[in-house]
2 protein chains.
Amino acid sequence: MAGRPKIFSEKEVIDKAIEVFWRVGYEAASAEELLKAMGIGKGSFYLAFKGGKRELFERSLVQFSAERLANLKRAISVSDNPIQLIKDFFLSIADTGLAKHMNGCYLGNAIAEMANIDAALQNIAINLLKEMEVVFTSVIRQAQDDQELKSTEKPDILARYLINLWNGINISRRMYTDKFMLKEMISFQLQVIK
Amino acid sequence: MAGRPKIFSEKEVIDKAIEVFWRVGYEAASAEELLKAMGIGKGSFYLAFKGGKRELFERSLVQFSAERLANLKRAISVSDNPIQLIKDFFLSIADTGLAKHMNGCYLGNAIAEMANIDAALQNIAINLLKEMEVVFTSVIRQAQDDQELKSTEKPDILARYLINLWNGINISRRMYTDKFMLKEMISFQLQVIK
DNA sequence: TCAATTTTGTACTATTTGGTACATTTTATT
DNA sequence: AATAAAATGTACCAAATAGTACAAAATTGA
């Protein structure tokens with residue numbers, strides 16, 4: 001043990017890499033751009049990420065979704081109206097800026113880009129997004145149990161509806177950047193969850 | 001005039017190129033793979049497509065959507081129930097094979113991949129997909145005029161709902177490849193168009 | 001038939017790619 | 001202070017990249 005200490009935190013440099021991958025995608029992200037954004041040299045990088053760019057991307061998918069999912073679960077756990085929280089979560093997409101619109105969903109982008117390129121990586125992204133579906137399912141089931149939801153539709157159907165809405169919005173928001181139009185579209189879709 | 005004749009049809013080689021771009025995306029499609037699929041050499045290619053890979057992709061977007069859109073319009077024009085035709089159009093997605101699921105939407109993929117990479121190319125894809133929205137809008141408006149639609153929601157809202165459904169499904173179908181589940185999801189979403 | 005025109009195939013090139021090798025630096029332990 | 005361990009920075013590399021140059025081939029029209 002002992003030895004020269006790392007000058008960087010792996011978590012932090014992965015966050016920097018996420019910014020690049022999210023913006024341009026996996027293939028278009030060059031090692032040069034990634035290293036520059038991460039602020040470390042090749043020696044350090046290939047020591048910490050033996051699998052190179054692919055390992056970096058894989059770990060970025062996991063770290064990204066773990067963080068977001070934890071935030072969502074925390075917000076739900078302290079909310080007195082989790083259904084409304086989820087609705088607001090969707091509606092708030094309309095209020096973000098153009099850059100965010102263009103980035104879309106980190107996992108959805110990976111699911112699209114990795115299809116027919118790297119099935120293992122695609123599967124990781126798929127399973128991470130399905131974790132969001134699980135959260136939706138349980139919130140919906142709970143709300144139905146508490147008779148706070150009119151819809152008697154099965155929770156898993158409604159949850160997949162929300163996932164499909166999520167996937168759609170993250171493409172559509174790149175077509176329709178008008179805030180008002182986006183909000184109108186999202187709230188129209190959310191009428192199903194009533 | 002005169003001169004040695006082309007041994008290929010530009011339309012046909014673009015169709016071959018579409019197969020490659022659709023499967024792996026723009027960045028991941030190498031010139032080598034494209035030329036092999038198109039069945040022509042570099043000399044012929046760079047003479048016919050002076051803009052190289054980028055021009056090929058741009059023309060492929062236009063050719064692809066022109067063809068699909070013409071098919072859709074023709075089917076609508078000869079249908080005695082255009083709304084049902086559109087519903088079936090969506091539902092039939094569930095019946096396609098795994099490879100088709102993985103490919104997603106040619107335009108949607110371009111909208112996602114070209115964001116922050118090539119705004120001009122992305123815009124072309126966006127405007128082509130909006131042509132589909134225009135078709136949906138007019139079919140819905142006509143159906144409302146004919147009182148064949150219960151919903152009194154504005155046609156453009158409903159059309160954008162369908163575009164968002166389309167965008168969503170083309171990501172979701174890569175997550176949920178089960179035919180039954182997909183059909184269930186799509187028909188649930190189509191209840192809005194009633 | 002021959003000249004003009006256009007396409008084709010191949011050889012080549014300059015650049016960029018992700019990745020490796022390794023000497024140097026920096027630390028903890030003894 | 002010496003040594004072992006680990007991280008770093010740089011120089012390097014082989015492969016793949018998109019694209020170009022150009023001579024040869026195939027056609028039409030004079």
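Chain naming here is simple, since letters A, B, ... match the order of the sequence lines and numbering starts at 1 in each.
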(Q) Tell me every residue that passes side chain to side chain donor-acceptor pair (under 3.5 Å) with A/E12, counting only those two or more places apart in sequence or in another chain. (A) none
Q: State which residue, out of A/N127, A/L107, A/L129, fulfils the side-chain contact (heavy atoms from CB on, under 4.5 Å) condition with B/M175.
A: A/L129
Q. Could you state the CG-C1' distance from A/L56 to C/dG19, rounded to the nearest angstrom?
A. 14 Å
Q. Nearest of D/dA18, C/dG19, C/dT8 to any side-chain atom of A/Y46?
A. C/dG19
Q) Between B/K11 and B/D15, does at least one N-O distance fall below 4.0 Å, as a salt bridge requires? A) yes
Q: Among C/dG9, D/dT8, C/dG19, find the nucleotide with the atom closest to the side chain of A/K53.
A: C/dG19
Q: Can you tell me the distance, in whole Å, between the CZ atom of B/F45 and the C1' atom of D/dG19?
A: 10 Å
(Q) Could you tell me how far apart B/I7 (CD1) and D/dT27 (C1') are, to the nearest whole angstrom? (A) 14 Å
Q.
How many whole angstroms separate atom CZ of B/F49 from atom P of D/dA18?
A. 16 Å
Q) NA contact type, B/I40, heavy-atom cut-off 4.0 Å: base, sugar-phosphate, or nothing? A) nothing
Q | For DNA chain C, the residues among residues 22-34 of chain A that have a non-hydrogen atom under 4.0 Å from it | A | A/A29, A/S30, A/A31, A/E32
Q. Would a 4.5 Å heavy-atom cut-off, applied to side chains only, mark A/Y26 and A/N109 as touching?
A. no
Q. Has the side chain of B/K42 got a donor or acceptor atom sitting under 3.5 Å from an opposite partner on the base of D/dG19?
A. yes
Q. How close or far is atom C1' of C/dT10 from atom CG of B/L47, stated in whole angstroms?
A. 15 Å
(Q) In whole Å, I'd like the distance from the CE atom of B/M38 to the P atom of D/dA18. (A) 11 Å
Q. Does the C/dT7 base have a donor-acceptor partner in the side chain of B/R4 within less than 3.5 Å?
A. yes
Q. Does a donor on one side chain sit under 3.5 Å from an acceptor on the other, for B/D118 and B/Q122?
A. no
Q: Could you check whether B/F8 gets within reach of a base, just the sugar-phosphate, or nothing at all, counting any heavy atom under 4.0 Å?
A: sugar-phosphate
Q) Between D/dG9, C/dG9, C/dT27, which one does the side chain of A/S44 approach most closely? A) D/dG9
**Q.** SB check A/R141 A/D145 (cutoff 4.0 Å)
**A.** no
Q: State which residues pass side chain to side chain contact (heavy atoms under 4.5 Å, CB included) with B/E32; sequence neighbours excluded, sorted by chain then number.
A: B/S30
Q | A/K50 NZ - C/dT20 C1' separation (whole Å) | A | 13 Å
**Q.** Whole-Å gap separating P (C/dG9) and NZ (B/K36)
**A.** 16 Å
